[in-house]
Amino acid sequence: MEDHTFYLNRCLELAQIAAGVGESAVGCVIVKDGIIIGEGSEQSRRLKDVTRHAEVVAVLDAVHTHGSGSCEGASLYSNVEPCILCAYVIRHYKIAHVVFSNYCGELGGTAQPFNMLTTDVIKKWGPAPFVEVLSGNQ
């Protein structure tokens, strides 16, 4: 059993770093077999690249660091619900488990009608990741 609090606290540390440089306060870690294999904080403003959300940065860090081209079976932790963009990346890289502590509203990956993170309609992606929302880690 993974220690959700430990990983969500690391997300908050990364979020504080992002906020300190004028970014949205979002941090993310990718965990596999109890080890953080990727980390990311929001970088969209600094890099002038809307795709550099914390979750995308963390996934790319994991993929490039470990060279597997996949995060299959890993867990993703974020202090904010992954958005639609990040949900696509999570599904593409076959992340099995997503834990977050704050919903982000209509652009969230679990929000209807565009619940990219949880939908089972797109068969090519395979099963949706198991999603847990843990409040109180804010």
Side-chain angles (χ1 to χ4, degrees):
M1 179 78 171
E2 293 175 324
D3 181 359
H4 297 319
T5 303
F6 175 81
Y7 299 123
L8 287 171
N9 283 339
R10 180 60 183 148
C11 291
L12 290 175
E13 291 171 2
L14 293 166
Q16 289 172 345
I17 292 168
V21 295
E23 295 284 354
S24 297
V26 183
C28 178
V29 296
I30 309 295
V31 178
K32 193 162 187 177
D33 300 323
I35 299 168
I36 294 176
I37 63 169
E39 292 189 331
S41 59
E42 199 76 9
Q43 297 182 25
S44 297
R45 291 182 185 126
R46 185 173 59 84
L47 297 178
K48 296 179 177 39
D49 182 347
V50 71
T51 68
R52 295 305 176 206
H53 292 192
E55 296 87 347
V56 174
V57 172
V59 168
L60 292 175
D61 182 42
V63 169
H64 292 130
T65 298
H66 293 276
S68 68
S70 173
C71 292
E72 189 166 355
S75 296
L76 178 143
Y77 290 83
S78 180
N79 62 304
V80 177
E81 173 187 16
C83 72
I84 296 167
L85 168 89
C86 296
Y88 178 87
V89 173
I90 291 165
R91 297 295 297 268
H92 177 82
Y93 284 99
K94 301 186 182 320
I95 292 172
H97 184 209
V98 174
V99 180
F100 65 88
S101 54
N102 296 292
Y103 285 98
C104 74
E106 68 183 351
L107 294 178
T110 66
Q112 295 288 347
F114 306 112
N115 57 320
M116 299 288 286
L117 191 58
T118 56
T119 186
D120 60 359
V121 173
I122 303 172
K123 302 297 182 201
K124 182 175 182 169
W125 282 350
F130 177 67
V131 176
E132 290 184 75
V133 183
L134 301 177
S135 58
N137 295 293
Q138 303 171 22

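Every heavy atom of this structure was used, including side-chain atoms; hydrogens, water molecules and symmetry mates were not.
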Q. Parallel, tilted or perpendicular: which fits the ring planes of Tyr7 and Tyr77, with parallel below 30° and perpendicular above 60°?
A.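 Ring orientation, 0 to 90° scale: tilted.
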
Q.
Angle between ring planes, Tyr88 versus His92, binned at 30° and 60°: parallel, tilted or perpendicular?
A.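 Rings of Tyr88 and His92: parallel, under 30°.
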
Q | Pairs where residues 4-26 contributes a residue and the test salt bridge (Lys or Arg N to Asp or Glu O under 4.0 Å) is met, not counting sequence neighbours | A |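 For residues 4-26: Arg10-Glu13, Arg10-Glu39.
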
Q. Is there any salt bridge (Lys or Arg N to Asp or Glu O under 4.0 Å) pair reaching into residues 95-117, and which pairs are they, with sequence neighbours excluded?
A.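 Every pair satisfying salt bridge (Lys or Arg N to Asp or Glu O under 4.0 Å) with a residue in residues 95-117: there are none.
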
Mind checking the [atom1]-[atom2] spacing from [X] to [Y]? Nearest 0.5 Å is all I need.
| X | Y | atom1 | atom2 | answer |
| --- | --- | --- | --- | --- |
| Ile36 | Asp61 | CD1 | CG | 10.5 Å |
| Ser41 | Glu55 | OG | CD | 11.0 Å |
| Ile90 | Ser78 | CD1 | OG | 8.0 Å |
| Ser101 | His4 | OG | NE2 | 12.0 Å |
| Leu85 | Thr51 | CG | OG1 | 6.5 Å |

Is there a donor-acceptor pair under 3.5 Å between the side chain of [X] and the backbone N or O of [Y]?
| X | Y | value |
| --- | --- | --- |
| Asn9 | Thr5 | yes |
| Glu81 | Thr110 | yes |
| Lys32 | Gly38 | no |

[X]: what forms a side-chain contact (heavy atoms from CB on, under 4.5 Å) with it, not counting sequence neighbours?
| X | answer |
| --- | --- |
| Ala15 | Ala25, Asn79 |
| Ala111 | none |
| Val59 | Ile30, Val63, Cys71, Leu76, Val89, Tyr93, Ile95 |
| Gln16 | none |

Q) For Arg45, what residues pass the side chain to side chain donor-acceptor pair (under 3.5 Å) criterion, not counting sequence neighbours? A)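 For Arg45 there are no side chain to side chain donor-acceptor pair (under 3.5 Å) partners, ignoring immediate neighbours.
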
Q: Would you please name every residue forming a side chain to side chain donor-acceptor pair (under 3.5 Å) with Ser24, sequence neighbours left out?
A: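 Not a single residue meets the side chain to side chain donor-acceptor pair (under 3.5 Å) criterion with Ser24.
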
Q: Identify, with sequence neighbours excluded, every residue that meets ring-ring contact (aromatic ring centres under 6.0 Å, His included) alongside Phe6.
A: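 Phe6 satisfies ring-ring contact (aromatic ring centres under 6.0 Å, His included) with no residue once adjacent residues are dropped.
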
Q | Partner residues of Phe114 under the ring-ring contact (aromatic ring centres under 6.0 Å, His included) criterion, sequence neighbours left out | A |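 Partners of Phe114 by the ring-ring contact (aromatic ring centres under 6.0 Å, His included) criterion come out as none, since no residue qualifies.
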
Out of curiosity, does [Y] fall in the hydrophobic cluster containing [X] (side-chain heavy atoms, cut-off under 4.5 Å, transitive links)?
| X | Y | answer |
| --- | --- | --- |
| Leu14 | Val57 | no |
| Tyr103 | Ile84 | no |
| Val56 | Val131 | yes |

Donor-acceptor pairs are to be reported for all side-chain atoms of residues 117-128 against protein atoms at under 3.5 Å, with residues two or more places apart or in another chain.
from   : atom 1 : to     : atom 2 : distance (Å)
Thr118 : OG1    : Asn115 : ND2    : 3.2
Thr119 : OG1    : Val121 : N      : 3.1
Lys123 : NZ     : Asp120 : O      : 3.1

Q. Is Glu42 close to His53 at the side-chain level, that is, under 4.5 Å between some pair of heavy atoms?
A.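 The answer is yes, as the side chains (C-beta and beyond) meet within the 4.5 Å cut-off.
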
Q: Report yes if the side chains of Ile17 and Val21 come closer than 4.5 Å at any heavy-atom pair, otherwise no.
A: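 Not in contact.
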
Q: Mind running side chain to side chain contact (heavy atoms under 4.5 Å, CB included) on Val98 and Phe130 for me, showing each step along the way?
A: CA-CA 6 Å; Val98 174; Phe130 177 67; over 6 Å; no

Q: Quick one: name the residues clustered hydrophobically with Val80, using the 4.5 Å side-chain heavy-atom rule over I, L, V, M, F, W, Y, and just say none if it's on its own.
A: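 Val26, which link up through side-chain heavy atoms under 4.5 Å apart, make up the rest of the cluster.
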
